[in-house]
Each structure stands twice: as C-alpha cells, then as structure tokens.
Q: 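Below you'll find the structure I mean.
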Protein chains: 2
Amino acid sequence: MSSRSQAIADILTRAIIDHRLVPGCKLGERELAEIFDVSRIVVRQSLIRLADDGLAQIERNRGAFVARPSMQEALEIYDALTLVEQGVAAQLSDRLGPAGWAELRQHVERQRQAVASGNDALADVLGQEFHTVFVRLSRNKVMQEIHAQLVRRTTLLRSLITADFDYCNLLDDHARVIDLLEKGRLKQAMELIDMHHRSVVRGYIMDRQVFPELTPREALEPYLDGKSGEPPKPAPRKKAGENGAARAHAHVHASK
Amino acid sequence: MSSRSQAIADILTRAIIDHRLVPGCKLGERELAEIFDVSRIVVRQSLIRLADDGLAQIERNRGAFVARPSMQEALEIYDALTLVEQGVAAQLSDRLGPAGWAELRQHVERQRQAVASGNDALADVLGQEFHTVFVRLSRNKVMQEIHAQLVRRTTLLRSLITADFDYCNLLDDHARVIDLLEKGRLKQAMELIDMHHRSVVRGYIMDRQVFPELTPREALEPYLDGKSGEPPKPAPRKKAGENGAARAHAHVHASK
DNA sequence: TGTCATTGATTGATATCCAATCCTGTGGTT
DNA sequence: AACCACAGGATTGGATATCAATCAATGACA
C-alpha cells in the first residue's frame with residue numbers, strides 16, 4: 001500500500017473531479033485532518049501533491065484552496081490537451097493494430113448505448129474515458145500520466161462553466177476520429193480533434209462565482225472508509241436550465 | 001518567498017540535473033535534514049515533490065532514491081518530448097511572428113559562438129535551453145511546465161549513459177528546424193525533430209551501473225546558503241574516452 | 001466615518017516520540 | 001561449508017505538542 005498522504009490526495013482528487021469540491025473551496029488543514037482522522041502533516045503532504053497536480057493552490061500563510069484557473073489557463077489547458085491528443089493520433093494512425101481500433105469502436109458503442117438508454121451520467125463518464133483509452137493505446141505511460149493530469153484539470157474547469165454540452169455530437173466526433181484515423185486521413189482527424197476541444201471551450205463562461213454547496217466534510221463523507229456508507233456518487237450539481245427528464249441538448253458548437 | 005520544502009526541492013532538482021546526485025543515490029531523510037538544517041518533515045515534503053516530478057522514487061519504508069528510469073521509460077520520455085515539440089512546432093509555424101524567429105536564431109548563434117570558442121559547458125547548456133525557448137514561444141505556460149518536466153527527466157537520463165554527443169550536429173539540427181518551420185515546411189521540421197531526439201536516444205546504453213562519486217553532502221554543498229562558497233558548478237563527471245583538451249566528437253547518429 | 005492596533009485563527013515549522021518495516025549480522029542446523 | 005531462522009539495529013511513516021509568523025477581523029479611538 002502506498003502512503004497515507006497519497007491515499008488522501010487521491011480522495012481529494014476524486015472529490016474535485018466529481019465536482020463535490022468546487023474551485024475556491026478552502027481546504028483547511030485542521031478540518032481535513034479531522035475528517036480523515038490523520039495529523040495535519042499528512043494532510044499537508046496531500047495538499048502538496050494536489051498543488052503539484054494543478055488541482056489546488058497553496059497560498060503562503062493563507063492555506064490551500066481548490067484551484068480556480070483563469071480563462072487564460074483554461075485555454076492553455078485545452079490547447080495542451082489538443083496538442084497531446086493530436087500527437088497521439090499521429091502515432092496511432094501509424095502503429096495501431098486491429099485490436100486497438102476494435103477497442104476504440106467498442107468503447108464508443110458502449111457510450112452510444114448509455115446515451116440511448118438515457119443514462120446520462122454513465123455516458124458522461126464514458127465520454128471522458130474515451131480520451132483516456134485513446135492515449136493508453138499509445139502504450140506510453142509517461143504520456144498517459146501527462147494526459148491524465150490534463151484531463152483532471154479540464155474536469156475541474158467544468159465546475160466553473162454553465163453550458164450544457166451535446167454529448168451526442170461529441171460522441172459522433174469520437175467515432176469520426178476513429179474512422180478518419182483508420183483510413184489514414186491523419187490531417188482531418190487532427191483537425192477534428194481540435195474542433196472537438198474548441199467546441200467544448202467555446203461554451204465556457206468563467207466569470208461566474210461558484211458557491212460551495214457542500215462543506216468539505218459533507219463533500220468528502222461518501223469517500224471515507226470504503227466499507228461503510230454508500231458507494232461514492234457523482235456530482236450533485238444543479239445546472240442552469242436543468243429541468244429533469246427532458247434536457248435540452250444545447251449545440252454549443254453550432255455557429256461557425 | 002515560497003515554502004522551505006519547495007526551495008529544498010529546487011536545490012535537489014538542480015543537483016540532480018547537474019549530475020551531482022546520480023540515479024540510485026539514496027536520499028536519506030535524516031542526512032538531508034542535517035545538510036539543510038531543517039526537520040525531517042520538510043525534507044519529506046521536498047522528496048514528495050521530487051517524486052511527483054519523476055526525479056525520485058520513494059519506496060515505502062525504504063526511503064527515497066534518485067530515480068533510475070528503465071530503458072523503456074527513457075524511450076517513453078523521449079517519445080513524449082518529441083510529441084510535445086512537434087506539436088509546438090506545428091503551432092509556431094502558424095503563429096510565430098518575426099520577433100520570435102529572430103529570438104530563436106539569436107539563440108542558435110550564441111550557442112555557435114560558444115562552440116567556436118571551445119566553451120563546451122556553455123554550449124551544452126545553451127543546447128538544452130534551445131528547446132525551452134522554443135516551447136516558451138508557444139506562450140502556453142501549461143505546456144511549458146510539462147515540457148520543462150520532460151527536459152529535466154531527459155537530463156537525469158544523461159547520468160545513465162556513456163556516449164558523447166556531437167553538439168555541432170545537434171546545433172545544426174536546431175538551425176535547420178528554424179529554417180524549415182519559417183518556410184512552412186512543417187512536415188519536414190517535425191521529421192527532423194524526431195530524428196534529433198532519436199539520434200540522442202540511440203546512443204543510450206543503460207545497463208551501466210552508476211556509482212555515486214559524491215556523497216549527498218558533498219554533492220549539495222555548493223548550493224547551500226548562497227552567499228558563501230563558490231557559485232554552483234556543473235557536473236564533475238569523468239566520461240569514458242575523455243582525454244582533456246582534444247575531445248573526440250563521436251557521431252552517435254552515424255549509421256542509418 | 002475612517003484609521004490604526006489588538007486579538008484570534010491558521011499556517012509553517014520543530015522536536016520528540018512511537019510503531020512498522022526493512023536490512024543485517026549472528027548463530028544454529030544440515 | 002552452505003543455508004536458513006531469528007534477533008537487533010536502523011530507517012521510515014506517522015502522531016502529538018508546541019512555537020513563531022502571518023493574515024483577517026474586530027473593535028477602539030480620533
């Protein structure tokens with residue numbers, strides 16, 4: 001087993017990408033130490049890990065907060081993500097075997113079924129995972145870790161935005177990228193990856209203030225101790241425009 | 001001022017990329033705590049930072065060591081570096097203005113002068129820095145940090161290899177990349193970047209055992225306290241085949 | 001009302017202590 | 001002599017208590 005501080009850093013990371021801890025939320029050492037029943041020192045080590053990962057910012061003598069990236073930084077993160085995925089696409093278009101293409105198609109198919117059956121939460125997770133699977137096929141652990149970090153940061157960014165996304169359209173993008181790559185149309189695939197991310201970023205409005213709806217203790221309670229309690233559940237956010245079952249899929253990439 | 005653990009992590013990083021702390025070297029908490037005159041906890045926090053950066057590995061209940069990447073990992077690091085720089089090249093070929101091209105050329109020119117005047121150490125540093133300047137021109141801090149981390153890891157790798165490199169040839173590569181990019185021959189430039197890194201990696205022989213010639217105390221002494229002592233000096237390694245003034249430039253990329 | 005000082009809270013860091021684990025060296029056994 | 005088991009030392013991971021420095025908020029006072 002790894003160190004305790006790593007375990008706690010993992011839980012905090014999870015809570016952040018689940019949007020249970022929102023940007024700006026104070027991560028007090030004493031409070032976290034009580035919640036996890038460890039000493040402040042272990043908590044501090046966890047926070048250092050989170051800060052190195054870009055998910056938290058530590059201000060001297062003020063404490064740690066969930067990172068609140070600027071719009072500029074958001075653009076840079078998506079730029080970097082695009083760059084990485086385009087590069088991986090170029091590698092895969094050369095080197096990926098039939099089994100790899102099959103895995104990608106299978107993943108898209110699973111997401112398509114999730115969408116069809118109305119399981120939006122699962123579809124969302126699978127949509128995220130697609131990019132991870134994509135990079136994993138490059139068989140480069142270093143690249144995987146870099147990419148995973150960028151993905152975590154984009155997930156964090158989603159706490160700051162208000163737009164709904166069109167999962168169907170993003171899903172189609174995934175399928176089309178696979179098609180283009182397998183046919184060797186690398187340039188078009190890379191263009192599509194760029195568009196894919198741009199369509200996401202274009203929906204961003206980041207001036208919004210985010211109010212923590214949950215105290216850290218409430219936010220972290222589901223992750224504690226494993227055995228007891230319910231399994232960790234995804235985000236409990238209320239989005240603007242949400243109206244229960246019939247959700248309007250805003251096509252954020254619409255206008256040229 | 002940032003935290004003490006960050007400062008110590010920076011010094012350790014410096015010592016590692018200067019090849020004063022070599023892969024496998026034990027980084028004992030008690031020893032470092034004495035050297036830096038801080039508590040063990042601060043040292044531990046520094047080591048966590050180093051481990052997150054890929055420069056150290058922490059083995060539970062065994063302690064921290066300067067990372068000793070496998071050949072596989074070395075290849076992955078150079079692959080990732082290639083991918084990143086190719087991506088940046090693609091961006092720059094579109095977006096870079098005249099001032100940017102001038103800065104790149106000027107940098108190459110400075111390195112050329114260093115080579116001409118026989119200042120191999122400076123030439124080496126400038127050669128490294130070229131890649132950093134290159135990425136900085138992308139104006140993407142996130143990408144810069146990722147790249148900088150990869151560069152640090154490649155520098156660490158150089159502690160593990162025996163080959164001498166042909167700085168002249170690598171220098172020519174830099175100049176040619178600039179030329180190709182400015183003329184819009186992106187594909188050729190990317191090919192050259194790939195070759196550039198492959199030519200480095202091809203000289204790798206990593207089975208070699210590295211014996212720490214310096215104890216951590218000796219290795220870190222130049223960095224302590226700033227005011228006193230000589231300025232931090234580069235690597236004191238003895239390379240195989242070294243024979244004083246007349247050094248043979250082995251063209252490691254020779255055979256196709 | 002506006003400014004300044006005090007107070008409280010939190011972080012950064014230290015020292016000391018303890019448990020768990022790993023390494024090693026010793027001793028017994030075959 | 002070779003090999004295995006075990007005990008002791010050393011080191012790490014972590015807890016607790018404590019102290020100084022700094023920030024924020026409050027309240028006193030002009």
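Each chain gets a letter, A, B and so on, in the order the sequences are listed, and its residues count up from 1. The basis for the numbers below is simple: all heavy atoms, side chains too, and nothing from hydrogens, waters or symmetry mates.
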Q: Using the side-chain contact (heavy atoms from CB on, under 4.5 Å) criterion, which residues pair with B:Ser39? Sequence neighbours excluded.
A: B:Ile41, B:Val42
Q: Between A:Arg44 (CZ) and C:dT14 (P), how many Å, whole number?
A: 10 Å
Q: Quick one: on DNA chain D, does B:Glu29 or A:Asn61 contact a more 5' nucleotide (nearest heavy atom)?
A: B:Glu29
Q: Name the closest nucleotide to the A:Arg62 side chain, picking from C:dT14, D:dC23, C:dC23.
A: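 Looking only at side-chain atoms, A:Arg62 lies closest to D:dC23.
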Q: Please work out which residues in residues 34-43 of chain A have a non-hydrogen atom less than 4.0 Å from an atom of DNA chain D and list them by number.
A: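 Of all residues in residues 34-43 of chain A, the ones placing a heavy atom under 4.0 Å from DNA chain D are A:Val38, A:Ser39, A:Ile41, A:Val42.
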Q: Step by step, work out the side chain to side chain contact (heavy atoms under 4.5 Å, CB included) result for B:Ile77 and B:Leu150.
A: CA-CA 7 Å; B:Ile77 290 170; B:Leu150 287 170; 4.3 Å; yes
Q: Using whole Å, report how far CD of B:Glu59 lies from C1' of D:dT11.
A: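 Nearest whole value for this atom pair: 13 Å.
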Q: Just how far, in rounded Å, is C1' of C:dT11 from CD of A:Gln57?
A: 17 Å
Q: Using salt bridge (charged side-chain N to carboxylate O under 4.0 Å, His left out) as the criterion, list what pairs up with A:Asp52, not counting sequence neighbours.
A: none
Q: CD of B:Gln6 versus C1' of C:dG12: gap in Å, rounded?
A: 14 Å
Q: Would you kindly give the CD-to-C1' distance between A:Gln45 and C:dT11, to the nearest whole Å?
A: 15 Å
Q: Using whole Å, what does the distance between atom P of nucleotide C:dA13 and atom CD1 of A:Ile58 come to?
A: 11 Å
Q: Sequence neighbours left out, what pairs pass salt bridge (Lys or Arg N to Asp or Glu O under 4.0 Å) with at least one residue falling in residues 129-150 of chain A?
A: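 Sorted result for residues 129-150 of chain A: A:Glu103-A:Arg136, A:Glu145-A:Arg152.
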Q: Base, sugar-phosphate or nothing for A:Leu47? Non-hydrogen atoms, less than 4.0 Å.
A: nothing
Q: Let me have the donor-acceptor pairs involving side chains of residues 27-37 of chain A, under 3.5 Å, with sequence neighbours excluded, atom names and distances please.
A:
residue: A:Glu29; atom: OE1; partner: A:Arg40; partner atom: NE; Å: 3.0
residue: A:Glu29; atom: OE1; partner: A:Arg40; partner atom: NH2; Å: 3.3
residue: A:Glu29; atom: OE1; partner: A:Arg44; partner atom: NH1; Å: 3.1
residue: A:Glu29; atom: OE2; partner: A:Arg44; partner atom: NH1; Å: 3.3
residue: A:Glu34; atom: OE1; partner: A:Arg217; partner atom: NH2; Å: 3.3

Q: Take the protein atom CZ of A:Arg30 and the nucleotide atom C1' of D:dA15, then report the distance between them rounded to whole Å.
A: 14 Å
Q: Side-chain contact, heavy-atom cut-off 4.5 Å: A:Arg153 with B:Val142?
A: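 Yes - at least one pair of side-chain heavy atoms lies under 4.5 Å apart.
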Q: How long is the line joining NZ of B:Lys26 and P of D:dT11, in whole Å?
A: 7 Å
Q: Which residue pairs satisfy the ring-ring contact (aromatic ring centres under 6.0 Å, His included) criterion with at least one member in residues 122-147 of chain B, sequence neighbours excluded?
A: B:Phe130-B:His174, B:His131-B:His174, B:His131-B:His196, B:His131-B:His197
